[in-house]
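All ligand and atom numbering here is 1-based and tracks the order in the structure.
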Amino acid sequence: MSQIKNSRFLRAIRREPVDATPIWIMRQAGRYLPEYRALRQKAGSFMTLCKTPELACQATLQPLARFSLDAAILFSDILTIPDAMGLGLYFKEGEGPHFTHPLRHARDIQQLSLPDPETELRYVLDAIRMIQHELAEKVPLIGFCGSPFTLASYMIEGKPNKSFPMIHNMLKKEPQVLHQLLDKLACAISLHLNAQIAAGANVVMIFDTWGGLLNTADYQEYSLRYVQQIIESLNLVEDTPVILFTKGGGDWLELMMQAGCDVIGVDWLVNLADARLQVGSKVALQGNMDPAILYQSKEMICAEVDRLLAEYGSGSGHIFNLGHGIPQDVSPDNVAVLVDAVHSYSRRLHEGDQYGRGTF
Ligand code: CP3
């Protein structure tokens, strides 16, 4: 078995015994790190950072140099696919992502073509190959994409909006046009994720950040159905695991599991003990500390880590993470406290497990 398959992170995903609960953090390479801010300044913009494989590789490795994290996540963005489809992605300081050419008419959707991963998105694949070379099997690398519904929310709105009214309007008025777009996006994402896996991603994660705004029936019809289509299309190298994160998806764990993922990412509204009861031994759980806890004292961070570890309980199958991305203004010192607390406090929960001897 390769060294990486035996890592804490991949063992926890397979619910095999581990010595301690693994942790990584959504947006672990980001603005809360002074070295990230320096690198972004050097690059000139976030998009240049994403599109220059050497710099994306450096950004990916920055948090691992500081903290003993159990996984690396590719430095990139879910919106690189719409960018490669010709929408022209740019970021306005303090405002988030914007598109120069948002989708306004049915014909805009009909005219969209699928980007070729090895040309239009080659920079992502080059970054993965470079990162894997640098990581040298130290920890697994997570590749990722956004869900079709989440990408469509940004592509139709053109700029960030808390409720994305335009896609919800299209869903009511022109559902067939929306289905056309979601289907195209599912194809583009499948191609891209398969290329990420072929380039060396050990795990892939699907971020469905905005699917949680839908009611249950619409979530199934407009979001989960396309996520399932993507999962079914993956050419998994060595059974590459799939993590599915739906912010606000706490009521849908059973449905998410049926879509074929290996890990469900949950936000902080979910109780880990209840979630574990629901998913049984079918999938692992990832999450779910409220990111706001990172503004508190070191004692409070440690107490919350202890509480969440106990809420999941003993045994494998938990990957510690935040319930959403890390805010830009938390102190890296508090992140160090978090990572160390997860590793040290969790050992007692794994003592009975025969680490290294496989499942039984
Ligand atoms: O997790 C990681 O460290 C890997 C890299 C990563 C980024 N974005 C880098 C990034 C990942 C996995 C994402 C996913 C992403 N991007 C999502 C899904 C997860 C989530 O947060 O819900 C979404 C919705 C996006 C779209 C996006 N990209 C937004 C809304 C923003 C602005 C956020 C902000 O804080 O201003 C981005 C920019 C972005 N993507 C940054 C980073 C580090 C900040 C860019 C900067 O200013 O330097």
Taking the minimum heavy-atom distance to atom 12 (C) of ligand 1, which of F75, F91, Y154, F144 ranks first? F144
Can the ring centroids of F144 and F207 be said to lie less than 6.0 angstrom from one another? yes
Any idea which protein heavy atom is nearest atom 14 (C) of ligand 1, and the distance to it? I78 CG2, 3.7 Å
Closest to atom 33 (C) of ligand 1 among protein heavy atoms sits R27 NH1, 3.6 Å
Could you check atom 48 (O) of ligand 1 against the protein and tell me its nearest heavy-atom contact, residue, atom and distance included? Y36 OH, 2.5 Å
Please check: side-chain N/O of Y32 versus main-chain N/O of Q28, any donor-acceptor pairing under 3.5 Å? yes
Would the F75 and Y36 ring centres measure less than 6.0 Å apart? yes
Which one of W210, F245, F207 has a non-hydrogen atom at the shortest distance from atom 19 (C) of ligand 1? F207
Atom 9 (C) of ligand 1 - nearest protein heavy atom and its distance: S76 O, 3.3 Å
Starting from atom 26 (C) of ligand 1, locate the nearest protein heavy atom and write down its residue, its atom name and how far away it is, to 0.1 Å. D77 OD2, 3.6 Å
Taking only non-hydrogen atoms of T209 and a 4.0 Å limit, the atoms of ligand 1 in range are 18 (C), 19 (C), 20 (C), 22 (O), 24 (C)
Is a salt bridge present between R104 and D108, judged by a nitrogen-to-oxygen distance below 4.0 Å? no
for atom 43 (C) of ligand 1, nearest protein heavy atom and its distance come out as A29 O, 3.5 Å
Has K247 got a side-chain atom pairing as donor or acceptor with H324's backbone, closer than 3.5 angstrom? no
Nearest protein heavy atom with distance in Å, relative to atom 20 (C) of ligand 1: H324 NE2, 3.1 Å
Return yes or no for this condition: an N or O of R40 is under 3.5 Å from an N or O of ligand 1. yes
Give the single entry among G96, P97, A43 that approaches atom 29 (C) of ligand 1 most closely by any heavy atom. P97
Are more than 12 heavy atoms, taken from residues, nucleotides or ligands other than E93, located less than 6.0 Å from that residue's CD atom? no
Under-4.0 Å salt bridge between R129 and E54: no
Output yes when K51 and D83 qualify as a salt bridge under the 4.0 Å nitrogen-oxygen rule, no when they do not. yes
So, is the end of the R276 side chain (NZ or CZ) under 6.0 Å from the ring centre of Y312 and within 45° of the ring's axis? yes
With a heavy-atom distance limit of 4.0 Å, tell me whether L74 approaches ligand 1 through its side chain, its backbone, both, or neither. backbone
Identify the closest protein heavy atom to atom 34 (C) of ligand 1: which residue and atom is it, and at what distance? R31 NH2, 2.7 Å
